[in-house]
Amino acid sequence: MLLTGMDSYAQLITVLVVFVVVLAIAAVVTKYIARYQKSLGSGSNVEVLETAQIATGKYIQLVRLGETYAAVAVCKDTVTMLCQIPEEQIVRKDMVQEMKFRELLSGVLRREQVPQHEEDALRKPEGEQTDGFDQEQ
């Protein structure tokens, strides 16, 4: 009777180990297939740069078609070209300088350590016109 209890625990552990191994293999194969399909679908002439959802099932996409940039509306059953956009108006993610958290934090820490006389120099001169949103309260 004691051996049957141990056998059931051994079977349970074996099934769990096999389950984890199958999950790991499925994850690796899925990543490999996704990478393979992405390489097949990535051409040098067509690229979706940005997508913005405007309603359920309705999107505006910024696409590059060769050397031409266009905004298209994508709905459930239709795709409509909205307009062409000049290349100089496009801001790409790789062109935007992303600030790392460490740089942001060091900038905040430096701001807190600014002496009072330098902080006064950073403020706007008296009498400067403002829109009222940047006033300290």
Minimum heavy-atom distance Y69-E87, with the two atoms named
CE1-CG, 3.5 Å
The single option from I60, V72, L62 that satisfies side-chain contact (heavy atoms from CB on, under 4.5 Å) with L82 is I60
So, do I85 and I90 sit near enough that their side-chain heavy atoms are less than 4.5 Å apart?
yes
Would a distance-only check, ignoring hydrogens and angles, find a side-chain to backbone donor-acceptor pair under 3.5 Å from Q53 to A55?
yes
Any donor and acceptor pair, going by atom type alone, linking the side chain of R35 with main-chain N or O of Q37 inside 3.5 Å?
no
Side chains of Q84 and T68 in contact at under 4.5 Å (non-hydrogen atoms)
yes
Cluster overlap V79 with I54, hydrophobic side-chain contacts below 4.5 Å:
no
Treat each ILVMFWY residue as a node, draw an edge where side-chain heavy atoms are under 4.5 Å apart, and state whether V28 and Y36 are in one component.
no
With rounding to the nearest 0.5 Å, note down the distance linking CZ in R64 to CG in L49.
7.0 Å
At what distance, to the nearest 0.5 angstrom, does CE of M81 lie from CG of L65?
8.0 Å
Same hydrophobic cluster for V20 and L12, using side-chain heavy-atom links shorter than 4.5 Å among ILVMFWY?
no
Would you say Y32 ends up clustered with I25 if hydrophobic residues are merged whenever their side chains have heavy atoms under 4.5 Å apart, either directly or through other cluster members?
yes
